[in-house]
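Encoded as structure tokens, the structure appears first; notes follow it.
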Number of protein chains: 2
Amino acid sequence: MASTLKDVARLAGVSIKTVSNVVNGYPHVSAEVRRRVEAAVVQLRYRPNASARTLRTGRTGVLALVLPATHLPYADDLATAVVHAAGQRGLRVVVAHDDQPTSSGLDDVRTMPVDGILVGASGTLDEPDGPLAATGPPVVLIGGASHDQRCDQVRIDAAQAAEDATNHLLGVGRRRVAAIGVRATAAPQPGSTGYHRALRRAGLVPGPVLSAQHHRRADGYRAARDLLSGPDRPDAILCSSDPLAIGAMRAAFDVGLRVPADVAVIGIGDIEEGRYSRPTLSTVAVDTGFVAREAVARLAIRINRPDAAVADIIAPHTVLPRESTDAGTR
Amino acid sequence: MASTLKDVARLAGVSIKTVSNVVNGYPHVSAEVRRRVEAAVVQLRYRPNASARTLRTGRTGVLALVLPATHLPYADDLATAVVHAAGQRGLRVVVAHDDQPTSSGLDDVRTMPVDGILVGASGTLDEPDGPLAATGPPVVLIGGASHDQRCDQVRIDAAQAAEDATNHLLGVGRRRVAAIGVRATAAPQPGSTGYHRALRRAGLVPGPVLSAQHHRRADGYRAARDLLSGPDRPDAILCSSDPLAIGAMRAAFDVGLRVPADVAVIGIGDIEEGRYSRPTLSTVAVDTGFVAREAVARLAIRINRPDAAVADIIAPHTVLPRESTDAGTR
DNA sequence: ATGAAAGCGCTAACAC
DNA sequence: GTGTTAGCGCTTTCAT
């Protein structure tokens with residue numbers, strides 16, 4: 001059985017209040033008493049009961065990061081960055097991997113004892129009642145393109161990122177640019193907007209835009225195979241995430257095409273895999289550290305002041321040209 | 001402010017016990033009362049306080065999965081499988097991403113309110129006092145090759161897996177087989193044992209065995225580059241994980257070699273990336289579902305019976321020949 | 001500088 | 001079938 005404050009107090013011959021003071025680093029404790037208490041803590045292997053503490057104080061010191069089952073492309077990097085950013089503020093992080101494709105995992109985590117929740121949205125998260133409407137710990141959206149203006153969010157400018165990526169493809173001489181995206185809702189995809197904008201400004205007609213179900217390699221594979229085996233084969237494909245792009249490259253090889261010679265491919269996200277793939281994957285890098293820091297900061301603010309104004313923070317992005325769009329080999 | 005049982009009871013005109021009964025699905029409640037209570041629950045947006053419940057019952061219904069900062073190769077798959085396996089038993093899972101390379105994250109999670117902890121060990125986890133020595137929720141080790149016999153663990157037979165993989169390389173005609181592993185402790189690596197065994201039985205001399213720091217692509221890259229740019233270049237490399245193998249393949253290309261024609265590469269883990277890489281990566285598949293199910297089952301047993309006998313469960317593995325070891329192209 | 005006591009929200013025993 | 005009460009382990013006034 002785990003020992004409690006009372007056990008420690010009895011062994012040290014003091015009151016539980018004193019033990020609590022020592023454990024919590026309260027300064028006004030005599031050296032002698034502190035020594036006795038610390039010895040008792042070690043001897044009894046005392047560990048504070050987090051539930052009791054939380055029940056009393058209303059604080060857990062823990063944030064939850066909810067990752068969707070649909071595999072957020074840069075989940076790994078994001079998790080690492082969030083853990084780090086939270087650690088800087090003395091907060092721990094638990095990650096809730098959604099089992100279901102639906103966002104029900106959010107409900108699960110809402111009942112867990114955490115101070116706040118970061119929701120990594122792969123697509124759009126448009127629940128009927130929105131994350132804020134329900135009770136529970138405050139929520140900050142990461143990376144999602146939610147139009148829900150009642151919830152803090154940190155994201156890149158998806159339309160601008162798609163436009164920049166498309167312009168990169170045009171810049172290396174491509175003219176028949178197709179796109180593969182993930183449509184999460186009936187709402188227009190911001191990525192698609194940027195893609196069209198870039199082509200229109202260049203005086204080109206948009207190529208086909210295929211919709212993948214999730215941000216997974218297999219989804220990119222299927223979509224690209226369809227794109228590349230039909231007539232009017234594109235000479236470039238813009239993918240709304242790196243896993244899609246990885247799958248697209250594999251599809252190109254499997255139908256006998258070379259990347260980038262026959263078809264250029266670019267993704268979004270800058271996952272590590274793309275730096276080792278063959279060819280290396282051109283992509284749009286998102287500043288994950290920025291995203292994590294801002295999201296945690298935002299959440300910390302909202303935890304302390306629930307009525308703070310809603311923020312919509314845009315993270316910077318950069319096009320990273322690599323082998324998969326190299327014009328030189330063409 | 002969040003509403004409590006008392007609030008609901010007052011609104012519904014019943015006692016808190018009755019509300020508790022309804023919330024917990026206790027059958028002996030009259031239909032009329034149940035209806036009133038449920039209405040009040042909805043109206044007040046009541047959510048049970050997990051901390052209070054845990055404090056009272058001593059149960060959280062949550063398992064923690066600790067993933068090391070050193071990037072467990074198949075972490076993603078494992079997390080998904082564990083979440084699923086736990087879900088089957090009505091348990092939720094939180095993932096604790098270790099920030100530090102040390103295993104201190106385990107201490108962190110020990111203070112969190114969970115019923116049990118699954119520790120995904122990338123290498124060996126040989127703490128001075130071992131996971132079991134400390135107090136706190138029970139621990140089950142996953143995938144580690146800990147020699148700590150005081151702790152339940154589920155793992156593959158690493159020596160056998162390495163031997164099988166080496167035999168596969170020999171089977172496709174390779175003779176100068178090198179290896180890249182991750183040495184976590186001073187203890188001999190089981191993988192190395194199997195590698196040597198296979199070569200000895202074939203009457204061959206072992207090639208160089210390089211030690212990578214972590215299971216990361218960059219580590220595999222560095223080690224393979226050293227291996228391939230020196231004299232006595234190997235014609236095959238056994239890597240103790242898929243990320244190492246991915247890095248090794250990239251290194252081979254960068255020094256101007258072809259895979260598998262000039263050098264064959266095989267990994268362990270069967271991560272999805274290896275099915276899309278070029279060439280696709282031969283590997284040893286671990287039955288992640290089995291691992292997850294057994295680990296969760298083991299943990300569930302130990303939660304209920306702390307004195308149960310310690311189990312050491314071996315999960316099945318299978319060699320998956322793919323393009324990176326294809327003998328045909330040689 | 002230390003102790004006594006109240007109470008956070010909930011469930012388990014026990015009355016009725 | 002429903003209500004009353006005690007107490008899980010902790011922090012926090014308020015005394016001393």
Side-chain angles (χ1 to χ4, degrees), chain A residues 1-41 44-62 90 110-115 135-137, chain B residues 1-41 44-62 90 110-115 135-137:
Chain A
M1 196 48 204
S3 43
T4 73
L5 272 191
K6 216 194 288 189
D7 301 325
V8 177
R10 197 180 316 124
L11 180 60
V14 297
S15 81
I16 64 169
K17 172 65 199 321
T18 302
V19 179
S20 177
N21 282 343
V22 171
V23 169
N24 294 344
Y26 185 71
H28 303 294
V29 182
S30 74
E32 160 60 12
V33 168
R34 155 160 287 131
R35 204 193 48 68
R36 281 215 320 271
V37 170
E38 278 166 352
V41 163
L44 293 178
R45 291 208 169 111
Y46 169 74
R47 306 185 77 83
N49 180 311
S51 297
R53 193 175 263 182
T54 296
L55 179 57
R56 188 59 240 244
T57 63
R59 279 287 200 283
T60 64
V62 177
R110 269 238 182 66
T111 71
M112 294 192 31
V114 297
D115 292 340
T135 65
Chain B
M1 197 49 205
S3 43
T4 74
L5 273 191
K6 217 194 291 190
D7 300 327
V8 177
R10 196 179 317 122
L11 180 60
V14 297
S15 81
I16 64 168
K17 173 64 197 324
T18 301
V19 179
S20 177
N21 283 342
V22 171
V23 169
N24 294 342
Y26 184 71
H28 302 295
V29 183
S30 75
E32 160 60 11
V33 168
R34 157 161 284 131
R35 204 194 46 69
R36 281 216 318 270
V37 169
E38 278 166 350
V41 164
L44 294 178
R45 291 209 169 107
Y46 168 75
R47 307 184 77 84
N49 180 314
S51 297
R53 191 175 266 181
T54 296
L55 180 57
R56 188 60 240 246
T57 62
R59 279 289 200 280
T60 64
V62 177
R110 269 237 184 67
T111 71
M112 295 192 34
V114 297
D115 292 340
T135 65

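Naming convention: chains lettered A, B, ... in sequence-line order (proteins, then strands); numbering from 1 in each chain. The structure presented is a predicted model; accordingly, all values stated were derived computationally and were not measured.
- Between the CG atom of B:L44 and the CG atom of B:L5 there is a distance of 11.0 Å, given to the nearest 0.5 Å.
- Side chain of A:S15, nearest nucleotide from D:dC10, C:dA4, D:dT2: C:dA4.
- Comparing A:I16 and A:V33, the nucleotide of DNA chain C nearest to each residue sits closer to the 5' end for A:V33.
- Considering only side-chain N and O atoms, A:N24 lies under 4.0 angstrom from the phosphate OP1 or OP2 of D:dT11.
- Within the 4.5 Å cutoff, side-chain heavy atoms of B:R53 are placed close to those of B:N24.
- Nearest-nucleotide mapping onto DNA chain D: of A:A52 and B:G13, the residue sitting toward the 5' end is B:G13.
- Between A:R10 atom CZ and C:dG3 atom P the separation is 14 Å, expressed in whole Å.
- Listed pair A:S20 / D:dT12 fails the phosphate criterion, with no side-chain N or O lying under 4.0 Å from OP1 or OP2.
- One distance of note links CZ of B:R35 with CD of B:E32; it measures 5.0 Å at 0.5 Å rounding.
- Relative to the side chain of B:R56, the nucleotides C:dG9, C:dT11, C:dT2 differ in distance, and C:dT11 lies closest.
- If you check D:dG1, D:dG3, C:dA1 against the side chain of B:V14, the one that comes closest is D:dG3.
- Counting to the nearest Å, the C1' atom of D:dC10 and the NZ atom of A:K6 are 11 Å from each other.
- Rounded to whole Å, atom C1' of D:dT2 lies 14 Å from atom CD of B:E32.
- Remark: A:T4 is not in phosphate contact with D:dG9, judged by side-chain N or O atoms under 4.0 Å from OP1 or OP2.
- How far OG of A:S15 is from CG of A:N21: 8.0 Å, rounded to the nearest 0.5 Å.
- For A:H28, the listed nucleotide lying nearest its side chain is C:dA1; candidates were C:dA6, C:dT2, C:dA1.
- As a whole-Å value, the separation of A:R53 CZ from D:dC8 P is 18 Å.
- B:R36 places its CZ atom 16 Å from the P atom of D:dG1, with the value rounded to the nearest Å.
- For A:T18, no side-chain nitrogen or oxygen approaches OP1 or OP2 of C:dA1 to under 4.0 Å.
- Whole-Å rounding puts the A:Y26 OH to D:dT12 P distance at 11 Å.
- Residues B:T4 and B:D7 come closest through the heavy atom pair N-OD2, 2.8 Å.
- Here the nucleotide nearest the side chain of A:K17, chosen from D:dT13, D:dG3, C:dG9, is D:dT13.
- B:T57 has no side-chain polar atom (N or O) that falls below the 4.0 Å cut-off from OP1 or OP2 of D:dC8.
- The nearest whole Å value for the distance from the CG atom in B:N49 to the C1' atom in D:dG9 is 14 Å.
- Separating the CG atom of B:L55 from the P atom of C:dT11 is a distance of 11 Å, rounded to the nearest angstrom.
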